[in-house]
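The block underneath contains the structure these notes are about, expressed in structure tokens.
Quick note: residue numbers are just sequence positions, from 1.
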Amino acid sequence: MEPRKHYFAKIPTIAIFIVMAMSGPLGVLLFILKGIDQKVQKEEQEAARARGDYRPAPNPAPTPKTPPFPGQDVPTAEQKSAKQWHKNIATLCTIMGAVFLFAGVTDAVDIIGAWQILPDPGELFSDIVMAIGGGGALLTGLRMNRTRKLEQLLDKVVGERDNIPLPELFAAAGVDAARGRTAVKSAIEHGYFGADAYIDNRTDTLVVRGAAPQPKKPAPAPAPKAQPAAEDEYAALLRQLREVNDAIPDPVMSGKISRLEEVSGRIFALAQKDPDKKAQLQKFMNYYLPTALKLLNTYASLSGQAVEGTNITEAKHSIERSMDLLVTAFENQLDKLFQADALDVNADIAALEGMLNLDGLTGSEFTR
């Protein structure tokens, strides 16, 4: 069973606008008939699908594609026809729309001017409908002309390139992404880029000919660099003492600094073995040792001066005199760390002697 012909459903909307400009009531009638016919056509198609005997209207045999020559944009016959139709409709809508808009507005003004003498509501309504139809056709034609000019501009930007990223194309044409993508799709339909042009959505690229560019693979994340082991506080202080010692050429001072380094190393070793001893080193760590390093760095800086003035000499002598005091203080600090151990030893010895005396194990009994 062949489907019925629906002629009203196939009437272009632009044609109805033009008819409306010439005859308002007829244009409105065509709008109504087109809507009814489209609804009936849709219902018939749905019913035919339900029965399983729907056969779409036969399409003409496709025209074989002409293979494009390298470096040339060769549209198909369908694309050429669509491009020409787009141009003709745009021209027709622009001209006819302008004519009917002008005629409708002029007649409406005349009727309004003579309203008090000869009121004619029917004629005024027809003129208003003519003006609306002409304005709609004019706007449609102008929009189609702008689209056609944009398509031509995009074609010039693409030139002889095989493909071009869409953001680059839109930036060169000076359009936003939404409008630009619509214009590119329209230009493809009208054959501006050739028969085989398409948009590759993976890479957001317009492909004119050849294969689409491969998407860039994300670069592998660089392996994290191995961080060197953090230098502990004790090793850092010993290194600073060693560096300042190397910077001072005076052998006497160097010997005293080596003694400071040796004593400091023993203090740090005890603090690492026994965390309870670390609590006794707060003042030593926060003041004495940093002050000693500051004085020694100053001495190394003064020794490096080419001039031996009075101020430099006196400052160096003052630091040299303080070195004996610093060595003594560092040695006493080391000795002080054993104060608790000495008390424990004395207490253990006293307890041992008392137990020996109570048990009669002292030397006097063995002598008898």
Any side-chain heavy atom of [X] within less than 4.5 Å of one from [Y]?
X	Y	answer
Leu237	Ser264	no
Asn332	Lys336	no
Arg181	Asp204	yes
Asn245	Leu241	no
Val157	Glu168	no
Arg161	Leu206	no
Leu169	Leu166	yes

Distance check, rounded to the nearest 0.5 Å: [X] atom [atom1] versus [Y] atom [atom2]?
X	Y	atom1	atom2	value
Glu262	Ile267	CD	CD1	11.0 Å
Arg143	Leu138	CZ	CG	11.0 Å
Gln240	Leu289	CD	CG	8.0 Å
Glu243	Leu296	CD	CG	12.5 Å
Thr298	Lys294	OG1	NZ	7.0 Å
Ile199	Asn163	CD1	CG	13.0 Å

[X] side-chain N/O to [Y] backbone N/O, donor-acceptor pair under 3.5 Å:
X	Y	value
Ser301	Asn297	no
Ser303	Tyr299	yes
Asp335	Glu331	no

(message) Going by side chain to side chain contact (heavy atoms under 4.5 Å, CB included), name the residues that satisfy it together with Tyr234, two or more places apart in sequence or in a different chain.
(response) Asp232, Phe268, Ala271, Gln272, Lys278, Met285
Under a single-linkage definition using a 4.5 Å side-chain heavy-atom cutoff for Ile, Leu, Val, Met, Phe, Trp and Tyr, are [X] and [Y] assigned to the same hydrophobic cluster?
X	Y	value
Leu334	Leu293	yes
Val175	Ile164	yes
Met323	Leu302	no
Val129	Val99	no
Leu326	Tyr287	yes

Do you know which two heavy atoms are closest between [X] and [Y], and how far apart they sit?
X	Y	result
Gly180	Leu154	O-CD1, 4.5 Å
Asp155	Tyr192	OD1-O, 3.1 Å
Leu238	Gly265	CD2-N, 3.8 Å
Leu295	Ser322	CD1-OG, 4.4 Å
Val327	Lys256	CG2-O, 4.0 Å
Gln280	Leu337	OE1-CD2, 3.8 Å

(request) From the options Arg266, Arg239, Arg242, select the one residue that forms a salt bridge (Lys or Arg N to Asp or Glu O under 4.0 Å) with Glu261. (result) Arg242
(request) For atom OH of Tyr198, decide whether the heavy atoms of other residues, nucleotides or ligands shown that lie under 6.0 angstrom number more than 12. (result) yes
(request) Say whether Thr94 and Asn145, considering side chains only, have a donor N or O and an acceptor N or O under 3.5 Å apart. (result) yes
(request) Assess the side chains of Arg179 and Thr182: does a donor N or O sit below 3.5 Å from an acceptor N or O? (result) no
(message) side-chain contact (heavy atoms from CB on, under 4.5 Å) for Lys149 and Leu153? Distances and angles first, verdict last.
(response) CA-CA 6 Å; Lys149 290 180 180 179; Leu153 175 60; over 6 Å; no
(request) Decide if the gap between the ring center of Tyr288 and the ring center of Phe330 is smaller than 6.0 angstrom. (result) no
(request) Check the pair Phe170 / Asp176 against side-chain contact (heavy atoms from CB on, under 4.5 Å), numbers first and verdict last. (result) CA-CA 6 Å; Phe170 300 155; Asp176 58 85; over 6 Å; no
(request) List the steps, then state whether side-chain contact (heavy atoms from CB on, under 4.5 Å) holds for Asp196 with Arg209. (result) CA-CA 6 Å; Asp196 299 326; Arg209 64 185 69 85; over 6 Å; no
(request) Evaluate the salt bridge (charged side-chain N to carboxylate O under 4.0 Å, His left out) criterion for residues Arg148 and Glu151: first the C-alpha distance (whole Å), next the side-chain angles of each, then the deciding distance (0.1 Å), finally the verdict. (result) CA-CA 5 Å; Arg148 189 163 58 90; Glu151 293 173 3; over 6 Å; no
(request) Take Val208 and Glu160 through the side-chain contact (heavy atoms from CB on, under 4.5 Å) test and state the conclusion after the steps. (result) CA-CA 9 Å; Val208 177; Glu160 298 298 324; over 6 Å; no
